[in-house]
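Reviewing the structure listed below.
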Amino acid sequence: MVGVSDGQTSAQAPAAARTRVGRPLLSLALASMMDEVHAHSGAVYLLAADEPVLEMAVMAGLPRAFAAPWERVGLSAPIPVAEAVRERSLVWVGGEEDMAARYPRIAVVLPYPFALAALPVATETTVYGAIFVTWPGSHPPELSEREREHLTAACRRLAVRLERAKEDSRPPLPEPDLLAGPAFGGAAGTLGTVEAARMVSRLPYGLCSLDLHGRISFANPAAAELIGVPASRLLGNQLWASVPWLNDPVYEDRYRAALMSQHTTSFVALRPPGDWLSFRMYPSTTGLSVRISRARAVAEMGRSEPQPDDAPARLVTISQVLSLAGALTEAAGVQDVVQLVADEIVPAVGSQALVVLGSRAGRLHVLGHRGYSDPQIVERFDGMPLTQQTPGTHALSTGVPAFFDSQEQLERLYPVRHATPDGFAAWAYLPLIASGRPVGTCVLAYAEPHPFPADERAVLTSLGGLIAQALERAQLYDAKNQLAHGLQAALLPHSLPTLPGVEAAARYLPAMQGMEIGGDFYDLVPTEQGLTAAAVIGDVQGHNVTAAGLMGQIRTAVRAYTTVGQAPEEVMRSTNRLLLDLGSDLFASCLYLRLDPEHGRAVMARAGHPPPLLRRPDGRVRVLDLAGGPLLGIDGSPTYPTTEVDLTPGCVLVLYTDGLIESPGVDIEDALADLGQVLTESGERPLDELADLLIQHAASVRERVDDVALLLLRARG
């Protein structure tokens, strides 16, 4: 690593005078900063040269394994150091609850009481990296002005030194992390004098010394006897690695908790076959002292205590989290999210019921619930103003999680719950925060009083983050679907008119991909006092709002041209001119026909649209080979020749868009033949049943990648 002199140097001084190779610049800067503000751990990140990533260059005070998930951090990640770089400002996390609320991914890995500050290492023009430092959980919840000034000034000085090193073309080199010195192999070396070692050896309880990595550097004879492992096998090894019955993540977690929080921690463990031992850890910035004694109170319980094999599993394992995350990515709508949470998360965390809340127009809305014998208990909260003081409205409005161990605790803070009992005894209210804003609240209810220790709160808060992202996507999906379906419904006929001599049925089916809205349309327009009628079907290129809007304009124009009495070929030419005048880049196919049921005929004009099918009363089906012109919106002076077709009573005309017959890998002629076969066998059915049958046939035999519009017309005698 390039080192830069701490002394004041002139900008005009030679590079050799300003820069000394070999001094650990980052390590010295970090150690000095931690010493100034009495922090107990920290790390320096440098910005990667060719990608938006912060890479950990050096860590101090704790093993790098504590921060292993964040050795490389993307600048867009919801991590304090990344946020400090993005905002070019100091980020302060005041404690365990603050961490769980703002950075649940960190809280789930390090669910311990500690405070953290992250700052950018940057000059006015260039960002070089970031630094974080941490304090024990006893640190005040606010950062003092003195600490803020020291940290800011130190980061500024480091940025200047990195800038000078860059100017001198001396890229940073690797530096070792700053931890405690090497462990000593014997008691005398560890304790200072032989007499001190003798004193410790005479104590009736066990004493061990662990370094920052958890390795045993000293153990007195009582410790070795209580643990049942010779001291020679303990020295240099981690306690939980050298003693089989201590090889449990719960015990290692206590060591991590002691180092991160710098608070005394303890645990009780069973030494087979029936001896309970108490371990108490006293941390410092150089390691831990461990006192080991017999846990008499526990030992007296005898065999009633659960054996290690019966111990409950962790709240949610890593594999469960990955499974839950994968399942939530598959949720489409809000109800899918509610169902997945009920099926996957509720059993995993041990709760018995679930409510998902959202807000709209300043009021609470129940998005879904499971596990309540009487749904009205939950639904009575639907529509409640967000200003009303309930735990659900408070979590939704503030984004702060709330945990209630018992009914008494909940009712003490929210007396209104006296009047609305739900039959449960403990609750977790998890704000669902996505894109920096609350999108809802997930309420987990427990049948029995349930304590929520810090690590469980962190896990639940982290799961809330997964649910929030899924819920935000689901709400956008539902809103998009409502928009698409509402717009499509507004642009298509709400119903078909009743006409003398003609029976009609229509269907519309959105594509299975995209916005589920497109440019397919149909219409049936009475003319000349109902003695004749016009039918039209068409398809505007595209599957989006633009295509749907243009479709609405075309359909309206066709109705207008029909109403003024234009002939079929004139209707097509006028519509083509309209499309050109609108200046749209989209094209449209169209099939227009004038029905004359009194004389048993139909006159048709076609603009690049698939030909219709005609089923005769005897069951024969043929594809009508109509003359036609180009697609609408291409040619400024096209011709659209017309074709007259006999339409005797009992004949069925099938007008459709290409989504009914086209799909990848299927020949159109084969698809038309299949459609004709279905029509031959089922054409005598009522027209609505026949329309449903044709749509179901198309949906069942191929993946639908396009919209489908279908208009059936049957001539009656």
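Atoms considered below: every heavy atom in the structure, side chains included; atoms not considered: hydrogens, waters and symmetry mates.
- Side-chain atoms of Arg254 never come within 3.5 Å of backbone atoms of Arg280 as a donor-acceptor pair (strictly under, hydrogens ignored).
- Between Tyr446 and Gln352, the shortest heavy-atom distance links the atoms CA-OE1, 3.2 Å.
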Legend entry - side-chain contact (heavy atoms from CB on, under 4.5 Å) assessment of Leu158 paired with Ile131: CA-CA 10 Å; Leu158 178 58; Ile131 283 181; 3.7 Å; yes
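- Looking at residues two or more places apart in sequence or on another chain, you find a side-chain contact (heavy atoms from CB on, under 4.5 Å) between Ala43 and Tyr45, Met56, Met59, Phe132.
- For the side-chain contact (heavy atoms from CB on, under 4.5 Å) test, residues two or more places apart in sequence or in another chain that qualify with His38 are Arg146.
- Each of Val708, Asp707, Thr657 was compared with Asp539 under the side chain to side chain contact (heavy atoms under 4.5 Å, CB included) criterion, and only Thr657 meets it.
- Contact annotation: the side chain of Pro111 never approaches that of Arg457 to less than 4.5 Å [non-hydrogen atoms, C-beta and beyond].
- The heavy-atom pair separating Pro401 from Pro431 by the smallest distance is CA-CD, 3.3 Å.
- Remark: Gln389 engages no residue in a side chain to side chain donor-acceptor pair (under 3.5 Å) (not counting sequence neighbours).
- Counting only heavy atoms from C-beta outward, the side chains of Leu386 and Leu364 approach each other to under 4.5 Å.
- With a 4.5 Å cut-off on side-chain heavy atoms, Pro449 and Asp405 do not count as touching.
- In this pair, Phe452 and Phe403 present their aromatic rings tilted. The plane angle is within the 30 to 60° band.
- The minimum heavy-atom distance linking Glu448 with Ala426 is given by the pair O-CB, 3.7 Å.
- Between Pro385 and Thr393, the shortest heavy-atom contact is O-CG2, 3.8 Å.
- Applying the side-chain contact (heavy atoms from CB on, under 4.5 Å) rule to Gln262 yields the partners His40, Pro136, Leu259, Pro283, Thr285; only residues at least two apart in sequence or on another chain are considered.
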Inset, instruction - Could you please spell out the steps behind the side-chain hydrogen bond (donor to acceptor under 3.5 Å, both in side chains) verdict for Asp692 and Gln696? - result: CA-CA 6 Å; Asp692 290 337; Gln696 291 168 5; 5.5 Å; no
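- Among all heavy-atom pairs drawn from Leu116 and Pro80, the shortest one is CD2-CB, 3.7 Å.
- Taking a 6.0 Å sphere around NE2 of His394, one finds it holds 12 or fewer heavy atoms contributed by other residues, nucleotides or ligands.
- Residues Leu357 and Phe381 are not in side-chain contact: their nearest non-hydrogen atoms beyond the backbone lie 4.5 Å or more apart.
- Put simply, the side chain of Val337 does not reach to within 4.5 Å of the side chain of Leu367, judged on heavy atoms.
- No more than 12 heavy atoms of other residues, nucleotides or ligands lie within 6.0 Å of CD in Gln376, so this atom counts as exposed by the packing criterion.
- Annotation: cation-pi geometry not satisfied between Arg256 and Tyr112 (NZ/CZ under 6.0 angstrom from ring centroid, within 45° of ring axis).
- Between Trp427 and Val355 the shortest side-chain heavy-atom distance does not fall below 4.5 Å.
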Inset, instruction - Go through Met281 and Phe267 one step at a time and tell me if the side-chain contact (heavy atoms from CB on, under 4.5 Å) criterion holds. - result: CA-CA 9 Å; Met281 296 183 171; Phe267 62 88; 3.7 Å; yes
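- Between the CG atom in Asp422 and the OH atom in Tyr372 there is a gap of 5.0 Å [rounded to 0.5 Å].
- Listed by chain and residue number, Glu408 satisfy the side chain to side chain donor-acceptor pair (under 3.5 Å) test with Ser406 (two or more places apart in sequence, or in another chain).
- The distance from atom CG of Leu110 to atom CG of Asp253, rounded to the nearest 0.5 Å, is 9.5 Å.
- The CG atom of Leu75 lies 5.5 Å from the CG atom of Leu47; values are rounded to the nearest 0.5 Å.
- With values rounded to the nearest 0.5 angstrom, Leu463 atom CG is found 11.0 Å from Leu432 atom CG.
- Going from atom CD1 of Ile106 over to atom CZ of Phe114 covers 7.0 Å, rounded to the nearest 0.5 Å.
- Contact between Leu54 and Gly129 at its shortest, heavy atoms only, is CD2-CA, 3.9 Å.
- When atom types are taken as modelled, the side chain of Glu456 and the backbone of Pro453 share no donor-acceptor pair closer than 3.5 angstrom.
- Expressed to the nearest 0.5 Å, how far CG of Asp520 lies from CG of Leu710 amounts to 11.0 Å.
- Remark: the backbone N or O of Ala458 is not paired with any side-chain donor or acceptor of Ser462 at under 3.5 angstrom.
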Legend entry - Derivation and outcome, side-chain contact (heavy atoms from CB on, under 4.5 Å), residues Arg370 and Val346: CA-CA 10 Å; Arg370 300 289 187 275; Val346 167; over 6 Å; no
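- Screening Val356, Asp382, Leu396 for a side chain to side chain contact (heavy atoms under 4.5 Å, CB included) with His365, the sole residue that qualifies is Asp382.
- For the pair Thr152/Leu119, a side-chain contact is recorded, criterion being any heavy-atom separation below 4.5 Å from C-beta on.
- Put simply, the side chain of Leu582 reaches to within 4.5 Å of the side chain of Gln553, judged on heavy atoms.
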Inset, instruction - Test Thr441 against Leu430 for side-chain contact (heavy atoms from CB on, under 4.5 Å), laying out the working first. - result: CA-CA 6 Å; Thr441 299; Leu430 309 177; 5.8 Å; no
Distance-only donor-acceptor pairs under 3.5 Å for side chains of residues 87-101, two or more places apart:
residue: Arg88; atom: NH2; partner: Thr123; partner atom: O; Å: 2.7
residue: Trp92; atom: NE1; partner: Pro141; partner atom: O; Å: 2.9
residue: Asp98; atom: OD2; partner: Gly94; partner atom: N; Å: 2.9
residue: Asp98; atom: OD2; partner: Arg102; partner atom: NH1; Å: 3.2

